[in-house]
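Just below is one structure, and these are the notes that go with it.
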Amino acid sequence: MLEWDVWLFAAVLTKFVIYISSFLAVGSLLCLWMLKPVADVVHRPLLRISLIAATLSAICTIFRISLQAGQLYDDGIVGLYDTEMIGLVLDGPLGMSSYVRLVGLGL
């Protein structure tokens, strides 16, 4: 059975926030695109929601990379900032998906 520790809980929580905020950013932009003829009363809040969600998703994506490095290092908080472990994580599949997600959020 899966044993829940702090690293696993933090990884699941950041993944959840990344998914929800990414969907919110894309969904609000799609609504903005579909509601072009509507006045600024709708456009400004949707644009603000989209920017906040995209920013939150980007921050959590970067934090997720640090969490994975800390989980691999397995020596407490020190592993979150170990550049060798972060480089190792960035060379793997999590790094590639993070690059693609950050580029998509930037667009």
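This is a predicted model, so every value here is computed, not measured. The residues of the chain are indexed from 1 along the displayed sequence.
Here the straight-line distance linking atom CD1 of Ile18 with atom CZ of Phe23 works out to 11.5 Å at 0.5 Å rounding. Leu102 CG to Ser97 OG: the interatomic distance, rounded to the nearest 0.5 Å, is 9.0 Å. Rounding to the nearest 0.5 angstrom, the gap separating the CG atom in Leu67 from the CD1 atom in Ile62 is 12.5 Å. Here the CG-CG distance, from Leu51 to Leu47, works out to 4.5 Å after rounding to the nearest 0.5 Å.
For the pair Met34/Cys31, no side-chain contact is recorded, criterion being any heavy-atom separation below 4.5 Å from C-beta on. For the pair Val100 and Val103, the minimum side-chain heavy-atom distance is 4.5 Å or more.
Judged by distance alone, the side chain of Thr61 and the main-chain N or O of Ser57 form a donor-acceptor pair under 3.5 Å.
In the hydrophobic cluster analysis, where Ile, Leu, Val, Met, Phe, Trp and Tyr join through side-chain heavy atoms closer than 4.5 angstrom, Trp7 is grouped together with Ile77. In the hydrophobic clustering of ILVMFWY residues, with side-chain heavy atoms under 4.5 Å counting as a link, Val12 and Val17 come out apart. Both Phe63 and Tyr81 sit in one connected hydrophobic cluster of ILVMFWY residues. Membership requires side-chain heavy atoms under 4.5 Å apart, directly or through other members. Placement of Val26 and Leu107 in two distinct hydrophobic clusters is found when ILVMFWY residues are connected by side-chain heavy-atom separations under 4.5 Å, directly or transitively.
By the 4.5 Å side-chain criterion applied to Ile, Leu, Val, Met, Phe, Trp and Tyr, Met85 is assigned to a cluster that also includes Ile65, Leu72, Tyr73, Val78, Ile86, Leu88, Val89, Leu90, Leu94, Tyr99.
The nearest pair of heavy atoms linking Leu29 to Ser50 is CG-OG, 3.2 Å. Contact detail for Ala54 and Ala25: the closest heavy-atom pair is N-CB, 3.8 Å. Contact record, Ala58 with Leu105: N-CD1, 3.7 Å, taken as the closest heavy-atom pair.
For the side-chain contact (heavy atoms from CB on, under 4.5 Å) test, residues two or more places apart in sequence or in another chain that qualify with Ala11 are Arg64.
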